[in-house]
Amino acid sequence: SYYVYILKSLMDSSKYIGVTTDLQKRLLEHNSTGTKYSKTRRPYGLLWYCVFSDKKKAYGFEKYQNPAQVTHSPANTLHNTLCEAHIGDT
């Protein structure tokens with residue numbers, strides 16, 4: 001499975017979007033070592049995720065999202081019809 005996820009910085013409320021095959025491990029990585037972008041904005045909380053079985057669809061969906069424009073969890077949006085499973089704020 002491939003997870004498209006949105007994290008929210010607990011420091012400055014900025015958003016980060018990514019794709020992973022291990023959501024728990026990736027969240028731990030963001031909150032410990034981080035990425036070039038995310039390491040200065042730790043800690044992070046998981047705002048939303050969506051599950052795909054197809055890698056190409058997951059990366060296509062990630063590319064379609066714009067975390068700068070996400071003002072809330074997309075849990076109630078039409079995007080979730082593309083997901084096999086999802087979780088987020090309602």
(message) Has Ser9 got a side-chain atom pairing as donor or acceptor with Asp12's backbone, closer than 3.5 angstrom?
(response)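 Yes, because the side chain of Ser9 sits within donor-acceptor range (under 3.5 Å) of the backbone of Asp12.
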
Is there a side-chain contact between [X] and [Y] (heavy atoms, below 4.5 Å)?
X: Tyr5; Y: Leu23; answer: yes
X: Leu46; Y: Leu7; answer: yes
X: Tyr2; Y: Val51; answer: no

(message) Working to the nearest 0.5 angstrom, can you tell me the gap between Tyr44 OH and Ile6 CD1?
(response) 12.5 Å

(request) Find the distance between CE (Met11) and CZ (Arg41) and round it off to the nearest 0.5 Å. (result) 9.5 Å

(message) I need the minimum non-hydrogen distance between Thr33 and Lys39, along with the two atoms involved.
(response)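 Looking at all heavy atoms of both residues, the closest pair is O-CB, 3.6 Å.
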
(message) To check you understand the geometry: which heavy-atom pair defines the closest contact between Arg42 and His30, and what is its length?
(response) CD-O, 3.0 Å

(request) Indicate, with yes or no, if Tyr59 and Trp48 share a hydrophobic cluster defined by side-chain heavy-atom contacts under 4.5 Å among Ile, Leu, Val, Met, Phe, Trp and Tyr. (result) yes

(request) Would you please classify the geometry between the Phe52 ring and the Phe61 ring as parallel, tilted or perpendicular, with 30° and 60° separating the classes? (result) tilted

(request) Please list, chain by chain and in numerical order, all residues satisfying side chain to side chain contact (heavy atoms under 4.5 Å, CB included) with Lys25, sequence neighbours excluded. (result) Asp22, Glu29

